[in-house]
Amino acid sequence: MSESEQHRTLVRSVEKMLRAVYPDSSFVADIQSEPGAAVPPLIGDFRPDVFVRGETQNAIAEAKTERDLDKNHTYDQVTSFIRYLDNSLGGLFVLSVAGWCADRAKTVLRFTYLEVRPSRARVAVFDQCDLWVFEPDGLTWDTSVRAEGE
């Protein structure tokens with residue numbers, strides 16, 4: 001299925017943010033600009049939109065448009081990616097959404113976080129401006145990550 005332009009924009013934006021957070025890591029995004037370009041690895045039955053491989057931890061990002069946010073497929077993907085990170089080097093899972101979807105994305109991710117209860121993986125929502133990180137004691141706003149131009 002062809003991805004929408006909104007989805008591609010969300011993927012590019014979260015990849016750019018992660019490149020700033022993990023500058024010395026290798027990146028692969030699931031936006032092929034040419035046939036045969038590298039794609040992220042399969043994790044379980046799912047391929048993330050962005051995969052970051054670092055020396056001490058990895059990061060995974062999944063971009064969701066408003067119409068895909070509440071689907072069972074999204075829940076299964078997010079659960080698989082968080083468990084993968086928690087069972088490997090650890091790292092950060094980011095759910096990338098448009099700003100108007102951030103509150104709903106936080107709710108979706110909060111329920112997943114409480115079910116999986118990761119010990120080595122951090123989870124976050126990126127609303128194209130701010131990164132909202134879930135910590136064991138609640139949701140925090142990571143002010144170290146800002147949108148371009150701020």
Side-chain angles (χ1 to χ4, degrees), residues 3 6-33 37-66 68-99 101-148 150:
E3 299 292 345
Q6 180 187 17
H7 183 265
R8 286 188 292 275
T9 298
L10 293 170
V11 173
R12 287 183 194 107
S13 179
V14 73
E15 179 185 13
K16 182 175 182 177
M17 181 274 294
L18 287 171
R19 284 185 183 278
V21 173
Y22 298 96
D24 298 324
S25 300
S26 66
F27 284 77
V28 62
D30 196 15
I31 297 180
Q32 293 186 301
S33 55
V39 295
L42 279 175
I43 296 175
D45 293 330
F46 308 104
R47 188 175 312 280
D49 289 318
V50 180
F51 186 82
V52 181
R53 185 175 308 280
E55 283 189 34
T56 60
Q57 63 178 346
N58 297 324
I60 295 171
E62 184 63 26
K64 290 295 174 188
T65 60
E66 184 175 21
D68 290 330
L69 197 52
D70 288 314
K71 293 186 176 180
N72 286 337
H73 178 78
T74 296
Y75 170 79
D76 293 341
Q77 284 179 301
V78 169
T79 300
S80 180
F81 298 154
I82 293 170
R83 285 189 173 139
Y84 170 84
L85 288 169
D86 206 44
N87 292 322
S88 63
L89 293 174
L92 179 65
F93 170 76
V94 179
L95 183 58
S96 176
V97 297
C101 299
D103 287 339
R104 183 66 193 135
K106 290 174 196 174
T107 300
V108 168
L109 201 53
R110 182 178 293 114
F111 282 110
T112 309
Y113 180 85
L114 291 173
E115 181 179 319
V116 175
R117 299 209 181 267
S119 61
R120 300 180 69 201
R122 294 180 309 142
V123 298
V125 170
F126 180 60
D127 66 4
Q128 312 313 294
C129 181
D130 297 310
L131 186 68
W132 299 90
V133 181
F134 289 80
E135 302 292 351
D137 58 347
L139 183 66
T140 62
W141 177 39
D142 186 342
T143 56
S144 66
V145 176
R146 300 297 296 164
E148 175 181 343
E150 290 189 26

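Numbers here simply count residues along the sequence, with the first being 1.
Separating the CG atom in Leu85 from the CZ atom in Phe93 is a distance of 8.5 Å, to the nearest 0.5 Å. Distance CD1/Ile82 to CZ/Arg120: 15.0 Å, rounded to 0.5 Å. The line from CG of Leu42 to OG of Ser80 is 9.5 Å long, rounded to the nearest 0.5 Å. Separating the OG1 atom in Thr112 from the OH atom in Tyr75 is a distance of 5.5 Å, to the nearest 0.5 Å. Within the model, atoms CG of Leu95 and CG of Leu69 stand 6.0 Å from one another, a figure rounded to the nearest 0.5 Å. Remark: Lys71 NZ to Asp68 CG distance equals 4.5 Å, nearest 0.5 Å.
Side-chain contact between Val125 and Val97 is present, with at least one heavy-atom pair separated by less than 4.5 Å. The side-chain heavy atoms of Asn58 and Val52, taken from C-beta on, include no pair separated by under 4.5 Å.
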**Message:** Val133 vs Val123, test: side-chain contact (heavy atoms from CB on, under 4.5 Å). Steps then yes/no.
**Reply:** CA-CA 6 Å; Val133 181; Val123 298; over 6 Å; no
**side-chain contact (heavy atoms from CB on, under 4.5 Å) evaluation trace for Phe46 with Phe81** = CA-CA 8 Å; Phe46 308 104; Phe81 298 154; 3.6 Å; yes
**Request:** Decide side-chain hydrogen bond (donor to acceptor under 3.5 Å, both in side chains) for Ser96 and Gln128; before the verdict, give the C-alpha distance in whole Å, the side-chain angles of both, and the deciding distance to 0.1 Å.
**Result:** CA-CA 7 Å; Ser96 176; Gln128 312 313 294; 2.9 Å; yes
**Message:** Using side-chain contact (heavy atoms from CB on, under 4.5 Å), reason through Phe51 and Val39 one step at a time and then give a plain yes or no.
**Reply:** CA-CA 9 Å; Phe51 186 82; Val39 295; over 6 Å; no
**Request:** Decide yes or no on side-chain contact (heavy atoms from CB on, under 4.5 Å) for Phe27 and Leu18, but give the supporting numbers first.
**Result:** CA-CA 9 Å; Phe27 284 77; Leu18 287 171; 3.8 Å; yes
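Here the closest heavy-atom approach between residue Met17 and residue Leu131 is recorded as CE-CD1, 3.9 Å. For the residue pair Val50 and Glu15, the shortest heavy atom distance occurs at CG2-CB, 4.1 Å. Of all the heavy atoms in Ile60 and Pro48, the pair that sits closest is CG2-CB, 3.4 Å. Scanning all heavy atoms of the two residues, the minimum distance from Leu109 to Ala124 falls at CD2-O, 3.3 Å. The nearest pair of heavy atoms linking Ala63 to Leu10 is CB-CB, 3.6 Å. Looking at every heavy atom in both residues, Gln6 comes nearest to Ala98 through NE2-CB, 3.9 Å.
No donor-acceptor pair under 3.5 Å is formed between the side chain of Ser13 and the backbone N or O of Thr9.
In summary, Arg83 and Asp86 do not engage in a salt bridge, as defined by a charged side-chain N under 4.0 Å from a carboxylate O.
For residues 53-66, the set of pairs meeting the salt bridge (charged side-chain N to carboxylate O under 4.0 Å, His left out) definition, not counting sequence neighbours, comprises Glu62-Lys64.
The cationic group of Arg110 does not satisfy the cation-pi geometry with Phe134, failing either the under 6.0 Å distance to the six-membered ring centre or the 45° limit from the ring axis.
His7 and Asp49 share a side-chain donor-acceptor pair at under 3.5 Å.
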